[in-house]
2 protein chains.
Amino acid sequence: MGDVFKALADPTRRHILDELAERDDQTLFEICARLAAKHQFTSSRQAVSQHLDLLEAAGLVRTRREGRYKFHTLDTRPLAQIAQRWLRDKPQENP
Amino acid sequence: MGDVFKALADPTRRHILDELAERDDQTLFEICARLAAKHQFTSSRQAVSQHLDLLEAAGLVRTRREGRYKFHTLDTRPLAQIAQRWLRDKPQENP
DNA sequence: TTGATAGGCAAGTGATTACTTGCCTATAGT
DNA sequence: ACTATAGGCAAGTAATCACTTGCCTATCAA
């Protein structure tokens, strides 16, 4: 469960989640290409692959094999609870 | 802004936030004592102090000086948005 | 003023982490 | 069969991070 927090700690992984939030079922190479295009992030294939493994271990990404393609999909369920943990009934004043 | 995610990545810091969510305006020593009591966490004073600095830099903790005491208070405002980032309109099916 | 309490600063250490490098497997097109 | 494409595995490197260690300042009580 703490894996979700660790997974979100890295900016590259957050960009990957952004990418998957925009479009589901992307392959590793698609994600790499889009990361390089949108951000100036020149992350290598292996780096992104390891990030995806970590995101999958945290339950934030689900994968599906199809031939030589592996599609990655965002799973937002683990995100729902994490912020609620410290949000108390006591409302906070606005800035 | 990414500091919030990094701040939440460490389990000790999450325990500190738990502690401050239960009771506001705690000093460094109070937090240390409560961490040691509730969890088996034997974190040193300096370790907790550095965690509090990091939490304050992330905007999750606000401090107030009073004589030789420094009181720490939880600020939940940065937490409100972080999970929303990837929560799309597209609803996800239940497990 | 002396001693105790609350906290701060900064260099150093050990572990974790992000990323690279090199090579290997499998599927698909020709 | 041959080649290109999509991806995997594992060891090594460099940077980050959590924590320690040692000493210092400030406030308060006696």
Item checked: Exam field: side chain Thr76(A) to backbone Leu79(A), donor-acceptor pair closer than 3.5 Å -> no
One should read off an interatomic distance between Leu74(B) CG and Leu55(B) CG, to the nearest 0.5 angstrom, of 9.0 Å
When rounded to whole Å, the CD to P distance for the pair Gln50(B) and dT16(D) reads 17 Å
Inset, instruction - Show your reasoning for whether side chain to side chain contact (heavy atoms under 4.5 Å, CB included) applies to Ile31(A) and Leu52(A). - result: CA-CA 10 Å; Ile31(A) 296 169; Leu52(A) 285 169; 3.9 Å; yes
Does Ser43(B) reach a base, just sugar-phosphate, or nothing at all? Heavy atoms under 4.0 Å. nothing
Exercise. Does any non-hydrogen side-chain atom of Thr63(A) lie less than 4.5 Å from one of Thr73(A)?
Worked result: no
Test item: Arg14(A) side-chain N/O and Ala9(A) main-chain N/O as donor-acceptor pair under 3.5 Å: yes
Check your understanding: Do Glu19(A) and Gln26(A) have side-chain heavy atoms sitting under 4.5 Å apart?
Key -> yes
Nearest-nucleotide check on DNA chain C, Ala47(A) vs Phe29(B); residue mapping nearer the 5' end is Phe29(B)
Ranking Arg13(A) and Tyr69(A) by the position along DNA chain C of their nearest nucleotide, the one closer to 5' is Arg13(A)
Here the distance between atom C1' of dC17(D) and atom CZ of Phe5(A), to the nearest Å, is 19 Å
Ala7(B) backbone acceptor or donor facing Arg13(B) side chain under 3.5 Å:
yes
Sugar-phosphate, base or nothing in reach of Ser49(B), heavy atoms under 4.0 Å: sugar-phosphate
Between CG of Asp10(A) and P of dT16(D) the distance, given in whole Å, is 12 Å
So CG of Leu17(A) and CD of Glu22(A): to nearest 0.5 Å the spacing works out to 12.5 Å
Between CG of Leu54(B) and P of dC17(D) the distance, given in whole Å, is 8 Å
Contacted region of DNA chain C by chain A, from 5' end to 3' end of the hits, cut-off under 4.0 Å to heavy atoms, spans dT17(C) to dA28(C)
In whole angstroms, the gap separating C1' of dC17(D) from CG of Asp53(B) amounts to 15 Å
Numerically ordered, the residues 58-68 of chain B set in heavy-atom contact under 4.0 Å with DNA chain C is Arg65(B), Arg68(B)
* Asked: Does the pair Asp18(A)/Arg85(B) count as a salt bridge with the N-to-O cut at 4.0 Å?
  -> yes
